[in-house]
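As structure tokens, the structure follows; a few thoughts come after it.
Numbered from 1 within each chain, the chains take letters A, B, ... in sequence-line order. Keep in mind that this is a model prediction, so the values were computed, not measured.
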Amino acid sequence: MNRNEGFVVWFTGLPSSGKSTLAQRLKDELIKRGFRVEVLDGDVVREHISRGLGFSKEDRDENIRRIYHVAYLLKRNGVVVITAAISPYREIRQEARELLKDFVEVYASCPVEKCIERDVKGMYKKALAGEIKNFTGIDDPYEPPENPEVICETDKETVEESVKKIINKLIEMGYIEPTDEDVYTEEEEEIIKKRLEDLGYI
Amino acid sequence: MKRLFILSIDGVPYSLLTSLIDMGVMPFFKSLITEKGFRRYNSVLPTISSVAWASFMTGKNPGAHGIFGFIDRRPSPFKLYLPTGKNLRSKTLFEIVSDAGKRTISFNVPMTTPPRKVNGVMVSGFLSTKLHSAVHPPEIAQKLEYIGYIIDVDPSLALKDESTFWKQVYNALEGRKNAVKTFIGQEWDMFMLHIMETDRVNHFYIHNPEKLHSFYTELDHYIKGIFEYIPDDADVLLLSDHGFCSIEKEFYVNTYLSRKGLLKFKVEDPKSLNEMDSSTIAYSLIPGRIYLNLKGREEMGSIPQGDYNRVRNEIVDMLGELVDNGIIKRVWLKEELYSGPFLDEAPDIILEPFDGIDIKGDINRKELFGKSSIKGMHTLEDAFILWIGKELKGNNSFSIIDIASSILDELGVGRPPDMEASGCLA
């Protein structure tokens, strides 16, 4: 990595899979470590940069192109960019990966049933009632990544566990330096946790 | 100047040693005892090996070294983490002695993960997972593997495969003895070997005299074996970090706080404290560490800074019922126990347990009391120290914090000005 440049953490996942929550928590963690961080949240982008775009495949791809272009500009100026948009299509994510290069794909994996249960913005309800069309996970496709750098199983992990996974991957990839708290890899931390649990220490 | 060999034996109670000696179980240990050099002494609160050994190594209270438990929390953003030696923010005996131009060798001391770059050798303890990342200098890892040195036993085996558990315990002891044999010939001024297996055994078998006797009989043989390698020109200090007793019952502080309406969760069946609701007033980490959900400090603080003392006093008053009912021995405010640069990180309230009532931090217990597969708990006032040939202060008149300064005195190394230097020698 060119140390004068930032890097991009690209979240992808169904609506209500936890992308925005993880992005915000990751942002806090990276700011604490001294990085300049910008979150490009799908909803916010659609309100400003992509106003007027719809939810056809073409419009969705165009939305992603705008996001990765802004991410590129920010990254080039040393900013760490976290994107939190559904980005449902593999091909356009691959395009983003190729352009951005310092690209860490994080799949917020969560069964659609659980996302419906969460329904953070009440959109699933509307989609299921037929009030809105082309809603990802209901009547529009979502293509899960085949080789993401990190998979966060947001129905099984706490936010803290997921963020730790991402941080460990960023350390492993050389994007961030380990801090005092990062003595362990994720696997090692699990071993130590288990040992301490078996002894009733935690 | 004499050299010093320290044999630390985790969690061995003074009272157990004396009763085993009376029963003739530990004849070698008995032969080491010199009248004024053998004492019952105090650990620290919370009585946890990581806190106790951090206090031993630094000669400081937790407020001055920053270790308060095996698990701790960052208040904002709220995050639970496992403290290591990186979080121990003070020089340790090993560095102080190194800085004085002397050479130290240490094996297995808790809270030395990752190993520090001392003048000599440091092999980290059970907070490490792999030998190659647990050693300084790195090239000794292979030698340790060759002599069969292992970092720790798997404690879960005690419940599911007892014979393998005991095999691992004795393999670990054999490995520790071999480490002494292999490294004692090097140059050193302070050599410390830590035996962790005693703590592991006590946790699962403290209630079982037969198994305990058989293990301590073997331990006595291992201690004798280790002493055969210790050169005559070295002084020897043996000590534990806390006592042990059987658990009568566990007390779940977070369940208590929930019932009092002080701890609330966003979900019905929380998996961790991360799911606390912002209306929470107080929460607890094991064992008996209570934190107020203070605005400006905690991520979702609910108590205005100006109300801190009032709310804390109200909670202390409330906890008085636990003292009155014989559940808790004493309730402490952090400033009564700790001082130093990390006082802000300390729990706001600390519960001192009665021996036998183990204070837990579980968040999913429906009842206030219960039991688990763990049979033994640590005790504050029943650690042992045997400094062969020396005269120690009286029983329970000093704590584990006071030993480091006496070690430095004996080695002829100056005490750092911030070390709590009351000493343990008479």
Chi angles and distances behind the side chain to side chain contact (heavy atoms under 4.5 Å, CB included) call for A/Glu146, A/Arg90: CA-CA 8 Å; A/Glu146 283 168 341; A/Arg90 261 180 223 134; 3.7 Å; yes
Close aromatic pair by centroid cut-off 6.0 Å: [X] and [Y]:
X	Y	value
B/Tyr291	B/Phe78	no
A/Tyr201	B/His203	yes
B/Tyr205	B/Trp166	yes
B/His65	B/Phe342	no

Take A/Arg118 and A/Cys110 through the test side chain to side chain contact (heavy atoms under 4.5 Å, CB included) and record every step on the way to the result. CA-CA 11 Å; A/Arg118 288 179 185 160; A/Cys110 184; 3.6 Å; yes
What residue in [options] has the most heavy-atom pairs under 4.5 Å with chain A?
options	answer
B/Arg200, B/Lys360, B/Lys130, B/Lys271	B/Arg200
B/Asp152, B/Asp154, B/Thr113, B/Ile48	B/Asp152
B/Ser133, B/Pro155, B/Ala158	B/Pro155

Which bit of [X] comes within less than 4.5 Å of chain B, counting heavy atoms only: side chain, backbone, both or neither?
X	value
A/Lys194	side chain
A/Leu196	side chain
A/Glu160	side chain
A/Leu199	both

Name the region of [X], side chain, backbone, both or neither, that has any atom closer than 4.5 Å to a heavy atom of chain A.
X	result
B/Ile374	side chain
B/Ser373	neither
B/Asp199	side chain
B/Ile286	side chain
B/Leu285	neither
B/Ser156	both

Six-ring centre of B/Phe68, B/Arg289 cation under 6.0 angstrom, axis tolerance 45°: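 No; the conditions do not both hold, so B/Arg289 does not lie above the ring face of B/Phe68.
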So is A/Lys75 actually on top of A/Phe7's ring, under 6.0 Å and inside 45° of the axis?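 So A/Lys75 doesn't make the cation-pi contact.
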Kindly check if the number of other-residue, nucleotide or ligand heavy atoms within 6.0 Å of NZ (A/Lys57) is above 12?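 Counting neighbours around NZ of A/Lys57, more than 12 heavy atoms of other residues, nucleotides or ligands fall under 6.0 Å, so yes.
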